[in-house]
Amino acid sequence: MIAKVIVDIPVKETDRPFDYKIPLEFESFIQPGMRVLVPFGPMKRLGFILSIEKQSEIKNLKAISQVIDPTPVLTTELLSLGKWLSAETLCPRLFAFSAMLPAVLKGNYKKIVRINDKESLARDYPTLLDILLNKPEMEWTELLKKEPQQSDSLNAAMKKGYISIIQWIKNDRRTYKRIRYITTALSKDELMDVSSKLDKRSLKQKQVLEYFINQESHLKVEITEILKRLNIGPSSIKQLVKKGYLVETTEEVYRDPYADKEIERTTSLPLTTTQKNALAPIQESIRSQTHEVFLCHGVTGSGKTEVYLQAIEKILNMGKEAIVLVPEIALTPQMVHRFKGRFGDEVAVLHSGLSQGEKYDEWRKVLEGTVHVAVGARSAIFAPFKNLGLIVIDEEHETSYKQEEQPRYHARDVAIFRGKYHQCPVVLGSATPSLESYARAKKGVYHLIQLLERVNQRSLPEVQMVDMREELRANNHSMFSKQLFEKLQDRLEKKEQSVLFLNRRGYSTFVMCRDCGYVVQCPHCDISLTYHRKQGMLKCHYCGHQEPYPSRCPECMGSHLRYFGTGTQRVEEELTKVLPEARVIRMDVDTTQRKGSHEKLLTAFGEGKADILLGTQMIAKGLDFPKVTLVGVLAADAMLHLPDFRSSEKTFQLLTQVSGRAGRDKLPGEVIIQSYSTEHYSIIHASNHDYQSFYDQEMQMRYRHHYPPFYYLAMITLSHTQVTKVVDTAEKIADHLKKGLSSGAQILGPTSSAIPRIKDRYRYQCMVKYKREPNLLSLLKRIQEHYPTGTKNDDLKITIDLNPFLMM
DNA sequence: AGCACGCCGACT
DNA sequence: GTCGGCGTGCTC
C-alpha cells in the first residue's frame, strides 16, 4: 500500500504529493487526512496523507516512519477544499491545510545537540557537558547565542564525534488538561484501621484518611479539592497512594474558557412577521437540502440574530451542524452569550482571545462531534463538521473575512464551497451589505431577504451632520463642534451615556516641524512615524522601528516640533480639559492589549462606571448599551481619502454601524457626525439611513472606474531591496500579463505601492481588472514559477492576491 | 527547508 | 595545486 503525502515544507518546489510505502503495521488503520512522520531527503518531516493507493510510479519508495493521529484531522471534504483553496489562491497546499487546523497541531522543528560520548566529553570539555545536561532540548542556534564562549569547544567536540546535531521534531504539541482524582477501594472501617496503625507523627496523613472516612461514599475527589480543604501539601497524599490505601486516577477534560461563567439559558423569542418571512425561505432550503446563498439585509436592531438562532435550532433538531461567523471585533462576550445562552454546551467558540490549548479543545469538540454549533471568526469556516446544515456569515461586508496572508482566501467563498458540498444554505447577513453581495442578490444569484424595520418599532436614531469647516470659520479650533460639546454636556447632566468614535486610520499622530514642514519618517519604510505619548517614543506601525521623540528637527535643527493628528489619546486629553467632570473610558489598541482588558472596559462602561466611551473601530460593532443616547463621530471623512476604491463603502458602513449604537433601548438616540466633507454622498446617505441610494450612487462610481462588482481584480505585488530589480521584474510581469490575457482585461501599472518601501524593501504593484479570463490563474501560476522567490532578505518577493481588499 | 553537487577565486 | 564561496537542483 502506498500513501500520497504532502510534506510540511511550505515552498512551491515541494508543493506536490510524494509517495511513501505504508508499513504493514499501519495498514489496518491508516487513513487520508491523518498526519504522518516521513523521511524527506536527509530529514524527517510531518506530512498530510492525501490518499491511499495500491501502487506508485516511483521506485525505491521510502516508508512512513510514524502515524501521528489516531483519527484523521482533516475530513475528506477538507482535503478537497484544501486542493481547491490552493488552486484558487495560488498558495502551496500545505498553507491551506495549516489554515484549517489549530496551531498546536503544527510541527515544531528544532535542531538540538545530542551527546554521543559522555565520558570523553566529561574528560575534555566538562563545562560544555554541564551546559548540555542542564538544557537538553536547547535549540542549537540558541545555545550558540547564549554560550558564545563555548563555540570552540562545541566545534571541537563535534569534530571528534563526541556530540552531533540532530533534528528534533516535537510533532505533537497537543496538550491535554488532566484532572487528578483520589479515591479509595477500602471501606470506612478499613480506613479507620489503617489510620490507627499509622505512625503518630503522620498527622497530615491521618487528616486525609479522616476526610475520606467522612465522605458520603467512595466517590472520587479532585486532588486539588482535598489539598484546599485540608490546607496541606500533596506529599501526604502521595505517601498514602504509595502505601496502596488510596488510588490516584486522572481524567482528561476539555478546557472550557466559559466554565466559570454563569450563562442564563434562553428560549426562542416570538418572531415578528418580517422575521418569519425572513426565516421561511431559509428553512425551506434546509428542509429540501439544497444549496442556496441568502443575503439577509437587515437594519441594525431588526433582529437578524434571532432569525439565525431559530434557523440553527432547526438544524440541531435534524441532527446536523451549523457554523456562524462573526468578525473578530464583534466576537464580544455579548455575542457569545447569545449563542451559549440558546444552545449551551452545543456551542464551540473559536476566537483569538483563547490560548492555543483552549482553541485546540474547542476545535476538538467539533471534530469529535461533542458540539454541533461553531461560532467564531474567519478561520472557524474550516470547523471540521461532517454533516453541515447551515453556514451563517454575520456582518458579511466586513473586510476581516478576507485573510491577508497565505492562503489569501475570503471566508464567503469557502462558505459557498462548503455549502455546495453539503447541499446546505449559506446565509450572509448585514445592515450594509458589500456591493458585491448586494449586486449578486439583485441579479438573482443570491436570494435577497429584507429586514428593513427595527423590532418593537423603535425608530432609527436622528443623525445631525456638522460641517467642521464652518466650525473653523466660527473660530472653533477644538476637535469638538459646538453642537457635539453641548450635547455631551447635556448627557452628562442627565446621567446618560455617550460614545465617541474616532476613526484613527489615516489620522495617526505624526510629528512635524513647524519651521520647515519636515515630517519625521521611518528610516526603513516610506511612512511617517506615529507618536506614542505614554512612552515618549516615535514608532513605525509597519516594521516596529522606534526612536525617542526628537528635541530638534533633524532637518533644519529648529525646535518647533509638534505632533499633529487626532489620536484617541489626544481626544482624551482635550476631553478632560473641556469636560473635566466626565469619566472617560478609552478603548484602542493601547488600552486593550492585555488579554481580557477589552471585556473589562466594556463591562465597566455597561455598569455605568463612565460617562463617555471613547474609541476606534473596535467600539463600532455589536455593543448594546441601553443607556447610550448620544453617539459622536469625530472625523467621519478620515478614511474617505485613502487610496482604496472601497473607501466610500467603508465610510458608509462604519457610519451606519456607529449610528446604530445609539438608542438601543427605550431612550431615543441621537447621532452627531462631524466632517470636513459633509457633501460626500456616503456621509449624506449614512446620515439618512439610506442604503439603497448609497448603493445606487456607489455602483455608478464602480461602473465608471471599472471596479468590482463590475470587474474582478487581481493584484501582484513585488518587493526587493533594490528598486531597479523590482521595477525590471514588475515590467516584465506586466508584459507577460498583457500578452497572456484577452483584450478585455486591463493591466494597470506597474506603479509604486501606496507605501513605496517597508522594512527597506521597495514595493511595486500591478493590478489586473478583468471580467472573464479563464487563463488568468494558470498564467499567474506560470509567473509565480518563473520568477524564483526566496525567503532570504535579499530575495525577490512576489505576492499574488485575487480579489484584494488591501490596496497597498 | 536542507543538503549535495558543482564550478570559479585566494591561499597552505 | 587545494579550500571554500554560494548558485542550481532534488528530495517519494
Side-chain angles (χ1 to χ4, degrees), chain A residues 1-27 30-68 79 82-83 86 90-99 101 103 105-114 139-144 151 155-156 158-159 161 163-171 173 405-407 720-722 725 728-729 782 784-799:
Chain A
M1 297 276 270
I2 300 304
K4 295 225 175 263
V5 175
I6 293 279
V7 180
D8 183 16
I9 296 170
V11 290
K12 53 180 184 290
E13 287 83 359
T14 53
D15 183 29
R16 62 197 159 90
F18 287 85
D19 294 1
Y20 286 91
K21 270 191 290 208
I22 300 174
L24 221 55
E25 65 262 38
F26 300 150
E27 262 188 22
I30 200 163
Q31 281 175 62
M34 287 178 175
R35 291 172 308 145
V36 287
L37 196 64
V38 290
F40 193 72
M43 46 195 170
K44 287 235 167 128
R45 289 262 143 173
L46 290 183
F48 290 92
I49 300 189
L50 292 183
S51 62
I52 290 164
E53 321 259 318
K54 294 241 159 56
Q55 53 209 353
S56 166
E57 316 271 88
I58 317 278
K59 32 192 187 332
N60 302 329
L61 288 187
K62 289 186 185 172
I64 288 172
S65 345
Q66 224 182 95
V67 180
I68 309 243
L79 284 171
K83 188 174 183 180
S86 96
L90 297 165
C91 82
R93 212 171 319 178
L94 187 84
F95 275 122
F97 291 151
S98 304
L101 297 173
L105 296 188
K106 288 196 183 103
N108 181 13
Y109 304 90
K110 267 182 171 181
K111 285 188 159 180
I112 62 159
V113 177
R114 188 177 59 184
E139 172 118 51
W140 156 249
T141 46
E142 194 74 0
L143 185 70
L144 277 179
S151 76
N155 286 328
M158 193 111 62
K159 249 185 203 146
I163 56 173
S164 53
I165 291 176
I166 57 157
Q167 189 178 253
W168 181 262
I169 311 163
K170 260 176 130 177
N171 54 47
R173 295 189 292 145
E405 58 209 52
Q406 298 207 58
H720 194 273
T721 45
Q722 288 170 295
K725 178 84 184 164
D728 278 0
T729 323
R782 256 180 290 141
Q784 210 176 40
E785 271 154 23
H786 191 260
Y787 296 95
T789 60
T791 45
K792 285 199 292 293
N793 186 44
D794 54 347
D795 284 338
L796 181 73
K797 271 194 198 103
I798 301 182
T799 54

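Below, chain A is the first sequence line, B the second, and so on; all start at residue 1. The figures that follow rest on heavy atoms only: side chains count, while hydrogens, waters and symmetry mates do not. Note that this is a predicted model, so its numbers are computed, not measured.
Ring pair A:Phe40/A:Phe18 is perpendicular by interplanar angle, where above 60° counts as perpendicular and below 30° as parallel.
Residue A:Lys44 qualifies as open at atom NZ: its count of foreign heavy atoms under 6.0 Å is 12 or below.
In this structure, the side chain of A:Tyr20 engages the main chain of A:Pro39 through a donor-acceptor pair within 3.5 Å.
Computed from coordinates, the A:Asp8 CG to B:dG2 P distance equals 11 Å when rounded to whole Å. Between the CG atom of A:Leu46 and the P atom of B:dG2 there is a distance of 14 Å, rounded to whole Å.
Bounding nucleotides for the chain A contact on DNA chain C, 5' to 3', at a heavy-atom distance below 4.0 Å, are C:dT11 to C:dC12.
Across all strands shown, A:Ile58 has heavy atoms under 4.0 Å from base atoms, whether or not it also approaches the sugar-phosphate. Note on A:Pro10: nothing from the nucleic acid sits closer than 4.0 angstrom, heavy atoms only. A:Thr14 comes within 4.0 angstrom of a base, heavy atoms only. Using a 4.0 Å heavy-atom distance criterion, A:Tyr20 is classed as a sugar-phosphate-only contact.
In this view, A:Pro23 and A:Glu25, A:Phe26, A:Ala63, A:Ile64 satisfy the side chain to side chain contact (heavy atoms under 4.5 Å, CB included) rule, not counting sequence neighbours.
Looking only at side-chain heavy atoms (C-beta outward), A:His720 and A:Lys797 stay at 4.5 Å or farther from each other. Counting only heavy atoms from C-beta outward, the side chains of A:Arg45 and A:Ile9 approach each other to under 4.5 Å.
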